[in-house]
Amino acid sequence: MPMRRFQEALLGQVRQTFPELAEIPEQILTVPPDPAMGDLCLQAFPLAKALRRPPQQIAEEIATGAAGLPGFSKVDQQGPYVNFFLDPVALAKAVLGEAAERGEAYGNPELGAGQTVVVDYSSPNIAKPFGIGHLRSTVIGAALYRLYRATGYRVVGINHLGDWGTQFGLLLAACEDEGDEAALEADPVEYCYRLYVDYSKRRDHDVTIADRARQWFKRLEAGDQAAVVLWTRIRELSLREFDQVYGRLGVSFDYVRGESYYNQRLEATLEVVREAGLLQEDAGALIVDLSDLDMPPGLLAKSDGASTYLLRDLAAAMSRAEDFSFDRCLYVIGSPQALHMQQLRAVLAKLGCPWAEGMVHVNFGHILGMKTREGNLIFLNQVLDEAAQRSRAKVEENQQRGWTEGDIDVLAIAEAVGLGAIIFNDLKQNRVHDITFDWDRMLNFDGDSGPYLQYAYSRTGGILRKGECEVVAEYDAGAFAQASEHDRALLVALANMSLAVERSVVDNAPHHLCQYLLELATMFSRWYTNHQVLGSGEWEAPRLAVVHAVRQALGNGLRLLGITPLERM
RNA sequence: GCGCCUGUAGCUCAGUGGAUUAGAGCAUCGGACUUCGGAUCCGAGUGUCGGGGGUUCGAGUCCCUCCAGGCGCGCCA
């Protein structure tokens, strides 16, 4: 983590200049607004209060003390700011050396040694289509999973399937009436979904259907043979279909534990709440009063005795705490469930579970306008197919122009580019914003897009192939004493990777890494349009080392996001 | 009615615990190298950072208030 090292050097210098300060606040570290002013900056404001001296004077002392600090070529005080220029040779040595040494681990700061994180993500409902709405939880959760693992955490990924609840009573009732084995076999999810929608409508007019649905669910919870057999079959058929999508997205889980998994713990969980004196009966239902926290009561059991979502999540949380003793548990679930998550944490806090502190709602805005004109859901598979189709034309065009020499698998590349566009589109912005579904924006291949990053990566491959330099050769980092603006900007960008990864982990926000990778790819694109690598004489070897480093950083970043780096496209 | 979230360029968005001159992409217009791939690069223009007040030497960023939009608010999950 080269940039961090330079930052530490500056902080150390400040510590030495002002030994009377017990602590040096990190906020003094900033970046000048214009690269021409320097690469790193120390601002004196945060120190002014503690030292009781004017910022300007403090800056002067820092600047004086930092003169000749190794690793920096110039120190320039501007009022309360002290701007530092990195010595390009030291920078190049640090960055290129680390990229070559750490390889696949380049850019990953060590943050989580000895800590465990549970990530609850994707979590679709069985017997319903895998819609575009589930994409967000899947993609964000999978990215966080990889980010945590890369930074040294032990990570447990759980797919918390929606495979329990009254809704399955309705489905079972429908199957009882119209069970069509052939239709179920042919397209299980589609068939179940159609039945479900149909019976939901009929339930509104027909009370007997609602009653039968409740009865079926009670039978299911009681372990009734017929109910369990049918439910198990539907669950397995659904999972088989989901697995196709997961395979396509390159997503996997350590555990597929749906809500049903916690079924046998529900009684015990209820008992825990009762013993804590928190359980109250209200109109036949069992609730936990949360009015002291200005929250509506949490409903644990309905008046007919059936469990609720909240009770099942309570049981799940306790089970996870027992099984994994997590330090953090991320719930990658949409923003509309904010109240539910608050209630869950509140009940656990009342029960005296200290680990509930580590539960984080990694919320995200939902996708608007994702229905067709007829009001049908847009299936994820349709979107992925469309993405692959759009990119295919471009791949074939490139192939015809001879840009993708050798044997290439056009379909595989088209698929990877399409996925790159869709995944990046979902990760590049702050997760809390709602996303308006828009084919053209989602499948944009220009500018700030997944394919833009993949393209930059493939260019590194192109250069290395052409030059037959797949391995980093000997080079003289001293050449960078004459570094151009583009060289410097690219080296600085490379050095910043671990800072971006760190921010993504700390905030549970993959978009920081996305923004960083765009910056890196942009700097690389500018660099290679301005600097010839192959055949550039004494520059060739050092520049090839830069290409290798960019390739490593971009490749690592793309893999963290779940996007395939491509050699050719 | 109450609660949570959001409001930055025509559009979609970045903008680290306040700090040097608010930035990208898309779209529009104009341009680029006979050498490593034009899914690229360069240039141009547009901002009451939703409105108003406050704290501060300094606010897109913190506090209050109003407006607009979204989402929630016990037997769906």
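Chain letters run A, B, ... following the sequence lines, proteins first and then strands; every chain starts at 1.
- When the P atom of B:rC36 is taken as reference, atom NE2 of A:His548 falls 19 Å away, rounded to whole Å.
- A:His511 comes within 4.0 angstrom of the backbone, heavy atoms only, and of no base.
- With B:rC76, B:rG74, B:rU40 as the candidates, the nucleotide lying closest to the side chain of A:Asp446 is B:rU40.
- At a threshold of 4.0 angstrom between heavy atoms, the contacts of A:Gln342 with the nucleic acid are absent.
- For the pair A:Tyr452 and B:rC41, the criterion of a side-chain N or O lying under 4.0 Å from OP1 or OP2 is met.
- Rounding to whole angstrom units, OH of residue A:Tyr516 and P of B:rG25 are separated by 18 Å.
- B:rA59 sits 11 Å from B:rU55 when the P atoms are compared, rounded to a whole Å.
- Between A:Tyr452 and A:Tyr457, the gap from one ring centroid to the other reaches at least 6.0 Å.
- In this structure, B:rA24 and B:rU12 make a Watson-Crick or G-U wobble pair, each of the two defining distances being under 3.5 angstrom.
- Rounded to whole Å, the distance from CD on A:Gln77 to P on B:rA19 is 20 Å.
- Nearest nucleotide to the A:His512 side chain, out of B:rU6, B:rG15, B:rA19: B:rG15.
- Closest to the side chain of A:Pro336, out of B:rC71, B:rA14, B:rG74, is B:rC71.
- Side-chain contact check for A:Asp39 versus A:Phe84: every heavy-atom pair is 4.5 Å or farther apart.
- In this structure, the CG atom of A:Leu544 is 10 Å from the C1' atom of B:rC36, given to the nearest Å.
- Side-chain contact annotation: A:Ser458 with A:Arg568, donor-acceptor N/O pair under 3.5 Å absent.
- For the pair A:Lys302 and B:rA77, the criterion of a side-chain N or O lying under 4.0 Å from OP1 or OP2 is met.
- Set against B:rA39, B:rG37, B:rA19, the side chain of A:Phe445 has B:rA39 as its closest nucleotide.
- Whole-Å rounding puts the A:Lys218 NZ to B:rC75 C1' distance at 13 Å.
- At the phosphate of B:rC5, neither OP1 nor OP2 sits under 4.0 Å from any side-chain N or O atom of A:His366.
- Here A:Pro80 lies out of heavy-atom contact (under 4.0 Å) with every strand.
- Residue ring and base: A:Tyr455 does not count as stacked with B:rU40 (centre distance below 5.5 Å and interplanar angle below 30° not both satisfied).
- Using a 4.0 Å heavy-atom criterion, one finds that A:Val506 contacts no nucleic acid atom at all.
- Residue A:Met569 is classed as a base contact, given a heavy-atom separation below 4.0 Å to a base.
- Phosphate contact (OP1/OP2 of B:rU40, side-chain N/O of A:Arg526, threshold under 4.0 Å): absent.
- Residues A:Ile333 and A:Val362 fail the side-chain proximity criterion, which asks for heavy atoms closer than 4.5 Å.
- In a base pair of the Watson-Crick type (N1 to N3 plus N6-O4 or O6-N4) or a G-U wobble (N1-O2 and O6-N3), with each distance short of 3.5 Å, B:rG1 is matched with B:rC73.
- Because its glycosidic torsion is more than 90° from 0, B:rG25 is reported here as anti.
- Here A:Leu339 lies in heavy-atom contact (under 4.0 Å) with sugar-phosphate atoms only.
- Relative to the side chain of A:Gln337, the nucleotides B:rA14, B:rC36, B:rA77 differ in distance, and B:rA77 lies closest.
- The side-chain heavy atoms of A:Ile435 and A:His366, taken from C-beta on, include no pair separated by under 4.5 Å.
- Comparing the C1' positions of B:rC73 and B:rC64 gives an interatomic distance of 25 Å, to the nearest angstrom.
- Between the side chain of A:Asn398 and the base of B:rA39 there is at least one donor-acceptor pair of N/O atoms closer than 3.5 Å.
- One P atom belongs to B:rC5, the other to B:rC11, and the distance between them is 25 Å to the nearest Å.
- Nucleotide B:rC73 holds its P atom 14 Å from the CE atom of A:Met295, rounded to whole Å.
- Checking the phosphate oxygens (OP1, OP2) of B:rC73, no side-chain nitrogen or oxygen of A:His340 falls inside 4.0 Å.
- If you measure from atom CG of A:Leu344 to atom P of B:rG72, you get 19 Å, rounded to the nearest angstrom.
- Atom CE in A:Met442 sits roughly 22 Å away from atom P in B:rC11 (whole-Å rounding).
- Rounded to a whole angstrom, the distance from the P atom of B:rG58 to that of B:rA19 is 14 Å.
- Nucleic acid contact class of A:Gln532 (heavy atoms, under 4.0 Å, all strands): base.
- Contact check for A:Val197 versus A:Tyr193: side-chain heavy atoms found under the 4.5 Å cut-off.
- With no hydrogens or angles considered, no side-chain donor-acceptor pair links A:Gln400 and A:Asn398 at under 3.5 Å.
- In this structure, A:Gly535 reaches neither bases nor backbone, as no heavy-atom distance under 4.0 Å exists between it and the strands shown.
- Across all strands shown, A:Gln429 has heavy atoms under 4.0 Å from sugar-phosphate atoms exclusively, and none from any base.
- Closest approach to the A:Trp403 side chain among B:rU20, B:rU16, B:rA39 is made by B:rA39 (side chain taken as heavy atoms from C-beta onward).
- As judged by a 4.0 angstrom heavy-atom cut-off over every strand, A:Asn363 is placed among residues making no nucleic acid contact.
- Here the separation of B:rC49 from B:rA9, taken at their C1' atoms, is 10 Å to the nearest Å.
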Next item on the list: In sequence, state the C-alpha distance, the side-chain angles, and the governing distance for A:Asp294 and A:Ser291, and then conclude on side chain to side chain donor-acceptor pair (under 3.5 Å).
Entry: CA-CA 5 Å; A:Asp294 288 323; A:Ser291 56; over 6 Å; no

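- With distances taken from any side-chain atom of A:Arg401 to the nucleotides B:rA14, B:rG38, B:rA19, the minimum falls on B:rG38.
- Note on A:Gln27: a base of the nucleic acid sits closer than 4.0 angstrom, heavy atoms only.
- Of the candidates B:rU20, B:rA77, B:rU16, the closest approach to any side-chain atom of A:Asn125 belongs to B:rA77.
- Nucleic acid contact for A:Asp507: none, since no nucleic acid atom lies under 4.0 Å from a heavy atom of the residue.
- Between B:rG74 and B:rC62, the distance separating the two P atoms is 31 Å to the nearest Å.
- Between A:Thr166 and A:Thr30, the residue anchored nearer the 5' end of RNA chain B, judged by the nucleotide with its closest heavy atom, is A:Thr30.
- Backbone-only engagement by A:Pro296 is indicated by non-hydrogen atom pairs under 4.0 Å involving sugar-phosphate atoms exclusively.
- An OP1 or OP2 oxygen of B:rA39 is reached within less than 4.0 angstrom by no side-chain nitrogen or oxygen of A:Arg390.
- Base engagement by A:Ala283 is indicated by at least one non-hydrogen atom pair under 4.0 Å involving a base atom.
- Using a 4.5 Å heavy-atom cutoff, the side chains of A:Val395 and A:Thr404 are not in contact.
- When only modelled atom types and interatomic distance are considered, A:Ser260 and A:Asp163 share a side-chain donor-acceptor pair under 3.5 Å.
- Each of A:Tyr81 and A:Glu259 lies near RNA chain B, and the nucleotide nearest A:Tyr81 is the one positioned closer to the 5' end.
- Nucleotides B:rG50 and B:rU61 have their C1' atoms positioned 16 Å apart, rounded to a whole Å.
- A distance of about 31 Å separates the P atoms of B:rU48 and B:rG31, rounded to the whole Å.
- Under the Watson-Crick or G-U wobble criterion, with both distances below 3.5 Å, B:rA68 is paired with B:rU6.
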